[in-house]
Amino acid sequence: MEFALSEEQVMLQDSVSGYLKSSCSLDVVREGVAGGITKQADVWQGICDLGILGIIIPGELGGVDMGFLDAALIAEALGRAIAPIPFIGSAIMAPVALLSGGSEEQKENWLPKIASGDTVFGVGVTEQIARRETDGIVYSDGTLSGKAMFVVDGIDADMLIIADDSGALHIVDANSSGVTRRALKTIDKTRAVAEIVFDAAEADTLPRSKNDKEPLLKTIDAGRIMIAADTLGAAQVMVEQAVAYAKERKQFDRVIGSFQAVKHMCAEMASDLEPCRSLIWYTAHTVNDMPEETRALACHAKAHLSEVGRDIAKTATEVHGGMGFTDLLGLHYWFKRVGLNRQLLGSPELVREEAALAQGW
Amino acid sequence: MEFALSEEQVMLQDSVSGYLKSSCSLDVVREGVAGGITKQADVWQGICDLGILGIIIPGELGGVDMGFLDAALIAEALGRAIAPIPFIGSAIMAPVALLSGGSEEQKENWLPKIASGDTVFGVGVTEQIARRETDGIVYSDGTLSGKAMFVVDGIDADMLIIADDSGALHIVDANSSGVTRRALKTIDKTRAVAEIVFDAAEADTLPRSKNDKEPLLKTIDAGRIMIAADTLGAAQVMVEQAVAYAKERKQFDRVIGSFQAVKHMCAEMASDLEPCRSLIWYTAHTVNDMPEETRALACHAKAHLSEVGRDIAKTATEVHGGMGFTDLLGLHYWFKRVGLNRQLLGSPELVREEAALAQGW
Amino acid sequence: MDLAYSERHQIFRSELQQFLKEHKDSAPKGRASIGKASDEAKQWQQLLIKRGYAARYIPKKYGGYGAEFDLLESHIIAEEFSRANVRPGHSGDERVVPVLLELGTEKQKQELIEPTVNGEMIWCQGYSEPGSGSDLASLSTKAVLEGDEWVINGQKIWTSGAQHADMCFCLVRTEPDAPKHQGISYLIFTMDRPGIEVRPLVTMTGEAIFNETFFTDCRVPADGIVGKRGEGWFVANATLQHERGSLGDPNQTESRLRSLVELMKNETIDGTPLIKIPAYRDRLMRLQARMLGMKYNGMRILTAYLKKEEPGLPRWIVKLQGCELNHQIAALAIDAMGELGVLYEDSPYIRDAGMWQKSYMLDLGLIIGGGTAQIQKNMIGERALGLPKEPKYQQGA
Amino acid sequence: MDLAYSERHQIFRSELQQFLKEHKDSAPKGRASIGKASDEAKQWQQLLIKRGYAARYIPKKYGGYGAEFDLLESHIIAEEFSRANVRPGHSGDERVVPVLLELGTEKQKQELIEPTVNGEMIWCQGYSEPGSGSDLASLSTKAVLEGDEWVINGQKIWTSGAQHADMCFCLVRTEPDAPKHQGISYLIFTMDRPGIEVRPLVTMTGEAIFNETFFTDCRVPADGIVGKRGEGWFVANATLQHERGSLGDPNQTESRLRSLVELMKNETIDGTPLIKIPAYRDRLMRLQARMLGMKYNGMRILTAYLKKEEPGLPRWIVKLQGCELNHQIAALAIDAMGELGVLYEDSPYIRDAGMWQKSYMLDLGLIIGGGTAQIQKNMIGERALGLPKEPKYQQGA
């Protein structure tokens with residue numbers, strides 16, 4: 001019985017965090033944001049070199065074949081660093097889709113390229129969660145037509161995996177004819193989501209996703225767990241920054257952290273966030289070890305981190321007083337990362353309903 | 001433009017509160033509770049003498065013909081005093097049912113007796129809000145059969161007004177053959193609700209309630225506004241007691257009210273409760289002056305006071321520390337009054353849904 | 001309880017309605033921009049002053065309409081302009097003009113009020129400093145009298161509009177040895193002088209609505225003082241109250257909730273309007289009840305003022321409750337829209353021009369600004385409920 | 001991450017499961033009552049000790065089983081008894097026995113531990129006083145040494161089970177001139193002596209699970225001290241930690257949530273199961289997520305202890321989060337049942353024997369007791385996050 005990170009996992013997270021600390025400072029993020037860049041070349045290269053894009057890809061297909069817990073630790077580190085690179089769509093959701101739905105040929109073709117960073121995948125499954133701004137996506141005779149909204153990592157993608165109205169998944173070349181992309185600008189400028197319109201675009205169907213929703217659902221589950229982990233990292237930074245600020249900032253001749261009101265705000269944030277870490281560890285662990293538990297837990301992790309993350313984003317800003325409201329400390333980048341995560345792949349109310357359904361309730 | 005109590009209204013509330021302060025102390029309440037009495041004879045006699053049982057009954061029918069705002073002020077005073085007497089069912093809901101649904105004869109027969117306190121009415125409409133423990137109530141050939149749950153003031157009642165499955169209202173003699181009563185023991189021992197089983201009990205239908213739900217709905221609205229006002233009074237007492245305790249109780253050589261944590265708990269309670277007063281004043285005022293606004297507002301008042309009341313009951317108890325958890329100060333009587341009010345005539349989630357429906361949403 | 005207005009006020013209202021119907025087309029569109037008024041805006045303001053719908057209570061000799069104060073008339077003016085969605089007029093800068101009227105010298109009044117009321121003279125406020133937020137009285141920007149000039153050194157923050165301002169009203173420490181509340185003076189001076197540097201301060205919304213303003217040996221005339229030396233804290237307090245008074249306005253909350261209802265009726269998930277989806281619907285109902293409570297609470301405050309009574313607790317809670325409620329309304333709008341709710345700036349598919357995200361952030365700024373929620377709770381606890389202040393602590397402990 | 005148990009522990013678990021299957025019928029039914037154990041309970045405890053499922057780590061010579069400490073075995077024992085719904089054994093009084101084992105004299109150990117473990121000797125705790133709740137160290141019940149006896153005067157509160165107790169472990173002030181934490185001693189004595197009056201203290205649930213205990217010139221033997229004079233605060237601290245440790249236990253929360261789900265599946269409104277009603281369903285899902293977080297947080301704490309590490313923050317939050325969560329679970333049960341949810345005591349139609357209302361109130365008591373939520377937040381802020389304490393204030397300020 002050991003519910004803890006292994007030494008290797010601690011080292012993995014430390015090495016990713018260490019790399020990001022040195023190469024993905026707030027200044028680097030600001031630079032990317034100012035230039036409208038969501039795949040910051042230097043950071044991306046470093047991430048490729050670390051080999052973590054193949055984190056869940058089998059060794060024989062160019063990956064490092066580690067578990068979802070390892071992947072969640074990376075997502076957390078990327079959230080901490082508000083790293084402006086594509087990861088959740090390309091390195092997690094697309095491999096899950098390919099591994100669970102793809103043919104051997106598709107896997108052999110794409111997974112090594114994902115692991116090496118040569119190919120970036122965007123993933124469009126929003127319409128299978130909640131359809132708001134589209135008439136649907138239809139597959140017919142080897143082509144896809146319709147509109148996919150909020151495609152994760154869609155702007156930086158070379159290739160796409162898109163769910164059609166039946167839930168089947170298809171690979172589409174993002175630069176092929178019949179594919180039109182448009183960036184959707186959100187509050188979070190460290191990542192890009194896209195609107196993608198297909199007009200009889202050539203599509204390569206993942207064969208095992210045709211009459212089976214499992215590949216789609218596994219892809220969504222994986223994305224949700226990683227988004228939750230990203231929020232964990234971002235929220236953790238906000239708590240740490242609030243605590244540090246409360247120890248330093250003086251008002252009325254006292255550091256503000258000695259005031260009960262501020263102290264309790266910090267204590268509540270830390271106390272709400274800490275169990276989230278365990279929830280994510282456990283949830284990620286089930287993907288490999290107890291997959292029958294994953295669906296409901298992935299929903300819970302996503303929805304619960306959304307709630308706790310939002311409260312912390314607000315409270316940590318409040319602890320910073322007026323300074324938190326300015327751009328000076330850059331706190332708002334984390335605020336907005338948490339804000340986008342909350343809505344991506346299902347806002348909390350919708351995801352909780354799925355958690356109930358997943359338990360047969 | 002004057003959104004305030006008139007001098008007469010202030011006097012009315014002062015006189016009821018003053019009377020209850022002297023005659024309905026916590027000791028008197030404890031005595032009633034110990035004896036299982038929910039119509040405390042002395043308090044009841046005093047309330048009869050004040051003439052307020054006819055508060056909404058026309059002058060020519062023995063009442064004092066005042067408005068719902070006046071009635072709400074009385075309900076608030078009774079909530080403050082956690083007075084162990086029947087009021088909301090008998091003096092408000094039954095008269096509303098009779099005035100809006102009854103024949104002239106029924107009104108002339110019953111309203112003077114209600115106003116004088118000679119007859120106490122219980123009112124059973126729970127099944128028209130949410131049916132949980134009954135197979136329904138059926139009217140046929142001048143008799144009523146079935147089971148009514150949570151009949152307000154039902155144990156102390158001489159007469160009953162009961163809604164059948166169609167929403168029509170009927171007068172039934174509580175002591176007639178075919179009527180079986182049983183007390184439902186709740187957390188709040190200052191008031192009684194009853195289960196009443198009818199077995200072909202003779203029933204006198206309110207004619208205007210036959211094919212029109214308005215009399216039923218008006219009766220429910222009126223009950224909800226008064227319950228909300230009762231909670232306002234009870235919650236106000238709890239805030240006052242918490243503030244007083246915080247000024248007096250010392251820990252760590254300081255009065256605890258000087259600690260920011262306790263101070264802010266008190267400030268939050270007061271700040272949440274204060275707008276409730278205005279909400280109830282306005283809502284009660286609409287019954288007479290802008291009845292088209294009443295339905296949604298009565299739902300809001302009921303549901304919102306339930307939420308604020310529950311939070312205050314909890315927080316005020318916490319401010320009292322261990323002492324709040326004991327019987328010594330009797331704080332729990334208010335806690336439980338608020339607790340019963342929360343569920344009577346619809347728990348908050350159900351009532352909010354009605355508020356939405358009332359606005360056509 | 002009488003929610004009707006007197007005949008006089010009813011007539012006042014219908015005249016105003018008539019005026020708005022006739023003239024609304026000459027009103028400038030959109031919200032007033034920070035900085036200099038456009039010619040169109042100035043003409044509109046002139047018309048409103050002439051008819052008594054702007055600068056209504058400012059004496060004629062200082063450029064106002066010169067009516068006797070009537071709170072209900074003010075209330076009706078605010079309501080009708082808001083209802084007709086027409087840009088209202090103003091009474092100059094509401095933070096500084098009342099101070100000048102009450103405590104300024106005759107010379108100050110004559111020179112400053114009329115151009116301010118006309119929109120020719122723009123002001124910025126120099127109160128907060130990086131080290132003095134909640135504890136404003138600890139401010140350290142200092143001014144030393146040299147001959148007939150004050151020499152100012154220090155830094156102010158949150159000086160909104162400083163880059164466009166002609167004038168500044170500013171709190172500076174002039175008596176460094178006095179207790180902190182008694183060492184401050186209230187100075188006014190023009191912004192076009194050496195030693196003032198204005199740097200825009202970008203906020204989380206991405207806009208630079210505020211500035212940092214640096215003073216380096218900046219010399220301003222000695223007679224630009226309002227009140228006496230060392231009285232600045234008390235001079236400023238009246239205007240602070242005024243500023244705080246407008247935060248959490250329930251009319252604004254009501255109009256936001258109305259927009260939220262429209263949004264939830266129009267937007268859909270898988271074809272179902274958001275307002276029909278129970279979890280959002282329940283949240284909407286909770287917020288509506290709170291909004292209504294604050295709306296009627298506002299009527300209670302108005303009534304108290306009409307009766308020349310102190311409104312007490314109902315007044316103390318407005319900022320705390322109102323700003324939080326506005327924030328929650330925006331939060332629901334965003335959640336109900338889901339991914340569409342995080343779109344920003346000029347994104348395709350953005351709803352209501354992005355106002356929900358902007359307001360979600362601005363409202364958080366307002367929860368913090370003008371007295372944080374924590375300071376508000378201290379005030380409610382101490383002033384409204386009579387709870388004791390924290391005891392004095394040992395210095396250096 | 002390895003959620004499997006070692007072979008040794010798997011064997012231990014299956015032996016225990018086998019034992020429970022065979023012997024569960026000889027276990028007493030229901031929860032253990034406060035006060036003297038029944039003969040049936042004593043026999044059950046004896047059997048459990050003999051098999052090593054109770055008093056497992058207490059040395060044989062003091063009446064225990066005498067195994068070497070193994071946290072996972074403890075965990076398995078707790079889990080399996082809970083899963084089988086069989087009354088577990090105990091290791092005597094968990095507040096006092098560890099103190100005696102660690103700091104008691106050999107005589108105290110020999111005389112006191114075995115009867116306690118056997119359920120023959122019942123203890124009550126004399127810590128809190130009416131004037132000393134959150135600030136326990138300010139306690140004022142005093143004991144003066146006269147010859148070979150302490151003479152105790154004062155009042156204790158929350159002494160649960162005092163009316164049935166044979167023994168009391170009690171904090172008293174013996175060094176009135178020492179700083180407050182250094183003037184306290186830890187005394188143990190029998191309850192059957194003159195000068196002790198026990199008055200039941202009724203709580204909001206209507207039950208008298210606590211007492212007030214008054215001491216008037218009560219003489220107790222001098223050798224009933226544990227540790228030295230003035231060391232009582234430090235002696236007691238170990239047990240306080242232990243007591244607080246059990247509040248907010250996530251296993252209990254999980255089992256409550258399971259009951260709530262059952263309730264919501266079975267109860268209906270207008271024929272629809274409560275669990276299908278969206279507003280309740282959404283609240284249930286929120287609570288389930290929080291429960292799961294605390295469950296896995298508990299596994300993290302267990303792992304830290306297994307590795308002999310300090311669990312840190314995960315441990316600090318258990319009481320604060322767990323008690324509030326239990327309270328919220330009860331609140332949802334009550335709301336979902338509506339009017340049926342406020343039934344109490346022996347009312348007809350009451351569900352689950354009224355446990356939801358009782359737990360709603362008891363959980364509130366636990367939010368307050370054993371360190372209020374406010375004190376918990378101070379501790380988390382100061383000890384786990386390193387925020388500074390409030391500065392010392394000026395006496396009398």
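Just so it is clear, the values below take in all heavy atoms, side chains as well, and ignore hydrogens, waters and symmetry mates. Everything numeric in this text was worked out from a predicted model, so none of it was measured. Each chain gets a letter, A, B and so on, in the order the sequences are listed, and its residues count up from 1.
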**Q.** Minimum heavy-atom distance between A:E318 and C:L364, given as atom pair plus value
**A.** CG-CD1, 4.0 Å
Q) Of the backbone (N, CA, C, O) and the side chain (C-beta and beyond), which part of A:R254 lies under 4.5 Å from a heavy atom of chain C, both, or neither? A) both
Q.
So for C:P278, is it side chain, backbone, both, or neither that comes closer than 4.5 Å to the heavy atoms of chain A?
A. neither
Q | Side-chain touch C:E345/A:K189, heavy atoms, less than 4.5 angstrom | A | yes
Q: Would you indicate whether the side-chain heavy atoms of C:L343 and A:L184 approach each other to under 4.5 Å?
A: yes
Q.
Which atoms of A:R182 are under 4.5 Å from chain C, going by heavy atoms: the side chain, the backbone, both sets, or neither?
A. side chain
Q | Segment of A:I256 engaging chain C (4.5 angstrom heavy-atom cut-off) | A | neither
Q.
Ignoring hydrogens, what is the shortest heavy-atom contact between C:L340 and A:F150? Give both atom names and the distance.
A. N-CZ, 3.7 Å
Q. With only heavy atoms counted, which part of A:K250 is less than 4.5 Å from chain C, the side chain, the backbone, both or neither?
A. backbone
Q: Considering only heavy atoms, give the residues of residues 327-337 of chain C separated from chain A by less than 4.5 Å, sorted numerically, with 'none' for an empty result.
A: C:H327, C:Q328, C:A331, C:I334, C:D335, C:A336, C:M337
Q. What are the two closest non-hydrogen atoms of A:G322 and C:W158, and how far apart are they?
A. O-CH2, 3.0 Å
(Q) Taking the side chain as everything from C-beta on, heavy atoms only, tell me whether A:R131 gets closer than 4.5 Å to C:T268. (A) no
Q. Rounded to the nearest 0.5 Å, how far does CG of C:D270 lie from CG of A:L350?
A. 8.5 Å
Q. Where does A:T186 contact chain C at under 4.5 Å (heavy atoms): side chain, backbone, both or neither?
A. both
Q) Shortest non-hydrogen contact from C:A279 to A:E349? A) CB-CG, 3.4 Å
Q) Given that the side chain runs from C-beta out, which part of A:E133 has a heavy atom under 4.5 Å from chain C: side chain, backbone, both or neither? A) side chain
Q. So what's closer than 4.5 Å to chain C heavy atoms on A:E353: side chain, backbone, both or neither?
A. neither
**Q.** Residue, of C:K377, C:M361, C:E267, that accumulates the most heavy atom pairs under 4.5 Å with chain A
**A.** C:M361
Q.
Between C:L366 and chain A, with a heavy-atom cut-off of 4.5 Å, which part of the residue counts as in contact: side chain, backbone, both or neither?
A. neither
Q. Does any non-hydrogen side-chain atom of C:T203 lie less than 4.5 Å from one of A:D327?
A. no
**Q.** Atom group of A:F252 that falls short of 4.5 Å from chain C, counting heavy atoms
**A.** both
**Q.** Under 4.5 Å from a heavy atom of chain A, the part of C:E390 involved
**A.** side chain
Q) Has C:N266 got more than 12 heavy atoms of other residues, nucleotides or ligands less than 6.0 Å from its CG? A) yes
Q. Counting heavy atoms not belonging to A:K147, are there more than 12 under 6.0 Å from its NZ?
A. yes
Q. Heavy-atom distance under 4.5 Å between the side chains of A:K314 and C:I367, does that happen here?
A. yes
(Q) So which residue, C:G206, C:G338, C:A373, ends up with the most heavy-atom pairs under 4.5 Å with chain A? (A) C:G338
Q. Relative to chain A, which of C:S132, C:G341, C:G369 shows the most heavy atom pairs under 4.5 Å?
A. C:S132
Q) Are any of the side-chain heavy atoms of A:R132 and C:E339 separated by less than 4.5 Å? A) yes
Q.
Less than 4.5 Å to any heavy atom of chain C: does that hold for the side chain of A:F259, its backbone, both, or neither?
A. side chain
Q) Between C:P348, C:G354, C:G365, which has the largest tally of heavy atom pairs under 4.5 Å with chain A? A) C:P348
Q) Which of residues 335-344 of chain A have a heavy atom under 4.5 Å from any heavy atom of chain C? A) A:F335, A:K336, A:G339, A:L340, A:R342, A:Q343, A:L344
Q. Testing C:L201, C:I157, C:V202 for side chain to side chain contact (heavy atoms under 4.5 Å, CB included) with A:T326, which one passes?
A. C:L201
Q) With chain A, which of C:G133, C:A137, C:S138 has the greatest number of heavy-atom pairs at distances under 4.5 Å? A) C:G133
Q: Spell out, as yes or no, whether a donor-acceptor pair under 3.5 Å connects the side chain of C:Q374 to the backbone of A:V262.
A: no
**Q.** Contacting region of C:T372 [heavy-atom separation from chain A under 4.5 Å]
**A.** neither
Q: May I ask you to name which of C:P130, C:A208, C:S128 has the most heavy-atom pairs under 4.5 Å with chain A?
A: C:P130
**Q.** Under 3.5 Å donor-acceptor, C:S347 side chain and A:K185 backbone
**A.** yes
**Q.** C:L362 portion near chain A, given a 4.5 angstrom heavy-atom threshold
**A.** both
